[in-house]
Colleague: 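Following this message is one structure expressed as C-alpha cells.
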Amino acid sequence: WDIYTLITTAEEFAAIGQDTANCNENYVLKNNIDVSRVELRSIGDPGTPYIGKFSGDGHTISHVDMTKENDVYSSGLFAQIGYTQNQLSESGKVMLLAANGVIASNTEAGGICGSLFVGEIYGCSFTGTGKGAEAGGISGNAGQYTKISQCFFEGDVQGKDSAAGICGMGGTIDHCISIGNVKGNG
C-alpha cells in the first residue's frame, strides 16, 4: 500500500477503535504492543465496518481484554470487517497479526474479528478465550465472500449457538490450525 499509518503504541492502537472515521484507513503495526493498560473498543461495527487494511507485520498485540464489551453486537479486535449494501460491497483485510487475551460478546466473538462480513483474514493467530453466541478462535461469524487462511488458534471457545476453533459460523477456511477446547450448545 502506498498510504498507511504506523502504529507503535497501545494508545495509538486503542485510538483506532475510538473513532469510526478510522474504519477506512490502512495501518501497519511497527512493533509488539501490550494493551493491558488501555481501554479497548473493537474497531468497526455494523454501522461503520472496517474496510481498510491492517497488517500486524508479524507483531503481537498482547493482553487483550474485550470482556467489557459483552453487551455489544460483536467483539474482537475488529467488530465487523466489510459490508454489502444495495448491491455494493466493500471489503477489509487483516493480516500477519498475532494477539492474545479474552474476547466476549452476547452475539459474535472472535479473537481477531467478531464478524468477517466481506473480506479476508490472512496469517493471523490468537491465543486465549473467545465467548459469544457465535464464537470462533479467529472469527465469530464469516459471510459468503470471505476467506480465513493460514491462521492459528490456541485456547478455549464457548459458543451459545455455534462454536469452532477457527470460525464459529460460515466463511471459507483454508490451511488453518486450531488447538484447544470448543464448547457449543447449538
Colleague: Given the rule that I, L, V, M, F, W and Y join up when any side-chain heavy atoms are under 4.5 Å apart, are Met169 and Val157 in one cluster?
Modeller: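 No, because Met169 and Val157 fall into different hydrophobic clusters, even though each may have its own neighbours under 4.5 Å.
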Colleague: Can you check whether Ile43 reaches Asn22 side chain to side chain, under 4.5 Å on heavy atoms?
Modeller: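 No. Closest side-chain heavy atoms not under 4.5 Å.
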Colleague: Kindly say whether Lys30 contributes a backbone atom to a donor-acceptor pair with the side chain of His59 at under 3.5 angstrom?
Modeller: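 Yes.
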Colleague: Applying side-chain contact (heavy atoms from CB on, under 4.5 Å), run through Leu77 and Val94 and close with a yes or a no.
Modeller: CA-CA 10 Å; Leu77 288 174; Val94 178; over 6 Å; no
Colleague: State whether the side chain of Glu12 and the backbone N or O of Thr9 hold a donor-acceptor pair below 3.5 Å, judged by distance alone.
Modeller: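 Yes, the answer is positive, given that a donor and an acceptor are paired below the 3.5 Å cut-off.
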Colleague: For Glu134, does its backbone N or O pair with a side-chain atom of Asp161 as donor and acceptor, under 3.5 Å?
Modeller: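 No, the answer is negative, given that no donor and acceptor are paired below the 3.5 Å cut-off.
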Colleague: Hey, what do you get for CD1 (Ile121) to CD1 (Ile112), rounding to the nearest 0.5 Å?
Modeller: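 These two atoms lie 6.5 Å from each other.
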Colleague: On the 0 to 90° scale, with breaks at 30° and 60°, tag the Phe153-Phe126 ring pair as parallel, tilted or perpendicular.
Modeller: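 Parallel: the ring planes of Phe153 and Phe126 meet at under 30°.
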Colleague: Say you draw a straight line from CG of Asp57 to CD1 of Ile7; how long is it, rounded to the nearest 0.5 Å?
Modeller: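 It is 12.5 Å, given to the nearest 0.5 Å.
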Colleague: Where is the tightest heavy-atom contact between Ala99 and Val64, given as atom of each residue plus distance?
Modeller: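 Residues Ala99 and Val64, closest heavy atoms: CB-CG2, 4.5 Å.
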Colleague: Can you find a heavy atom in the side chain of Ile148 that is under 4.5 Å from one in the side chain of Cys176?
Modeller: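 Ile148 reaches Cys176 side chain to side chain.
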Colleague: Determine, using the 4.5 Å side-chain heavy-atom cutoff (strictly less than), whether Ile81 and Leu40 are members of one ILVMFWY cluster.
Modeller: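 They do share one cluster, since a chain of ILVMFWY contacts under 4.5 Å joins Ile81 to Leu40.
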Colleague: Are any non-hydrogen side-chain atoms of Leu6 and Tyr4 less than 4.5 angstrom apart?
Modeller: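 Side-chain contact under 4.5 Å: yes.
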Colleague: Give a yes or no answer on whether the side chain of Ser75 reaches the backbone of Gly114 with a donor-acceptor pair at less than 3.5 Å.
Modeller: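 Between the backbone of Gly114 and the side chain of Ser75 there is no qualifying donor-acceptor contact (under 3.5 Å).
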Colleague: Would Tyr27 and Leu29 show up in the same hydrophobic cluster when neighbours are defined by side-chain heavy atoms closer than 4.5 Å?
Modeller: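 Tyr27 clusters together with Leu29.
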Colleague: Using modelled atom types only, decide if a donor and an acceptor are shared between the side chain of Asn31 and the backbone of Thr8 within a distance under 3.5 Å.
Modeller: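 Flag set: sc Asn31 to bb Thr8 pair under 3.5 Å.
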Colleague: Nearest 0.5 angstrom please: Met66 CE to Ser105 OG, how far?
Modeller: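 Those atoms lie 10.0 Å apart.
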Colleague: Go through it in stages, so that I can follow the logic: the residues are Tyr122 and Leu96, the test is side-chain contact (heavy atoms from CB on, under 4.5 Å), and I'd like the CA-CA distance, side-chain angles, deciding distance and then a yes or no.
Modeller: CA-CA 6 Å; Tyr122 168 81; Leu96 307 173; 4.1 Å; yes
Colleague: Salt bridge check, Lys93 against Glu120: does any charged N sit closer than 4.0 Å to a carboxylate O?
Modeller: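 Looking at Glu120 and Lys93, the cut-off is met.
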Colleague: For Phe152, is the CZ atom crowded, meaning more than 12 foreign heavy atoms sit under 6.0 Å from it?
Modeller: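 Buried by this count: over 12 neighbours within 6.0 Å.
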Colleague: Supply the atom-to-atom distance Gln80 CD to Glu108 CD, rounded to the nearest 0.5 angstrom.
Modeller: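 Going from CD on Gln80 over to CD on Glu108, the span is 7.5 Å.
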Colleague: For Thr67, does its backbone N or O pair with a side-chain atom of Asp65 as donor and acceptor, under 3.5 Å?
Modeller: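 It does hold such a pair.
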Colleague: Minimum heavy-atom separation for Gly130 and Ala135, please, with both atom names.
Modeller: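 Looking at all heavy atoms of both residues, the shortest contact is O-CB, 4.1 Å.
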Colleague: For the side chain of Asn100 and the backbone of Thr127, is there at least one donor-acceptor N/O pair under 3.5 Å apart?
Modeller: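 No: the side chain of Asn100 does not pair with the backbone of Thr127.
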Colleague: Please name the pair of heavy atoms, one in Ser178 and one in Gly165, separated by the smallest distance, quoted to 0.1 Å.
Modeller: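 Shortest heavy-atom separation between Ser178 and Gly165 comes out as OG-CA, 3.1 Å.
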Colleague: Would you mind reporting whether Tyr145 and Thr172 have side-chain heavy atoms less than 4.5 Å apart?
Modeller: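 In short, these two side chains do not touch, never coming nearer than 4.5 Å.
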Colleague: Can you get from Leu97 to Ile173 by hopping between Ile, Leu, Val, Met, Phe, Trp and Tyr side chains that sit under 4.5 Å apart?
Modeller: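 Yes, because Leu97 and Ile173 connect within a single hydrophobic cluster, where side-chain heavy atoms sit under 4.5 Å apart.
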Colleague: Within the supplied structure, the quantity of interest is the number of heavy atoms (other residues, nucleotides, ligands) at a distance under 6.0 Å from Met95 CE; does it exceed 12?
Modeller: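 More than 12 heavy atoms, drawn from other residues, nucleotides or ligands, come within 6.0 Å of this atom.
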Colleague: Under 6.0 Å from the CD1 atom of Ile179, do we count more than 12 heavy atoms belonging to anything else shown?
Modeller: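 Yes - once you tally the heavy atoms of other residues, nucleotides and ligands closer than 6.0 Å, there are more than 12.
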Colleague: How many angstroms lie between CD1 in Ile103 and SG in Cys113, if you round to the nearest 0.5 Å?
Modeller: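 The CD1 atom of Ile103 sits 10.5 Å away from the SG atom of Cys113.
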Colleague: Is it the case that the side chain of Asp174 and the backbone of Lys147 share a donor-acceptor pair, with hydrogens and angles ignored and the cut-off at 3.5 Å?
Modeller: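 Looks like no, no N/O pair under 3.5 Å.
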Colleague: Which pair of heavy atoms, one from Lys53 and one from Asn26, lies closest together, and at what distance?
Modeller: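 Closest approach of Lys53 to Asn26, heavy atoms only: N-OD1, 2.9 Å.
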Colleague: Please report the interatomic distance SG(Cys23) to CG(Asp45), rounded to the nearest 0.5 Å.
Modeller: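 Cys23 SG to Asp45 CG: 6.5 Å, rounded to 0.5 Å.
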Colleague: May I ask you to decide if Gly168's main-chain N or O and Ser162's side chain share a donor-acceptor pair within less than 3.5 Å?
Modeller: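 Yes; at least one donor-acceptor contact below 3.5 Å.
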Colleague: Parallel, tilted or perpendicular for Phe54 and Phe78, by the 30°/60° rule?
Modeller: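 Taking Phe78 first and then Phe54, their aromatic rings stand perpendicular (interplane angle over 60°).
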Colleague: Given 3.5 Å as the limit, does a donor-acceptor pair link the side chain of Asp34 with the main chain of Ser36, or not?
Modeller: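 Yes, because the side chain of Asp34 sits within donor-acceptor range (under 3.5 Å) of the backbone of Ser36.
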Colleague: Which heavy atom of Ser42 sits nearest to which heavy atom of Gly76, and what is that distance?
Modeller: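 What the structure gives for the nearest pair is OG-O, 2.6 Å.
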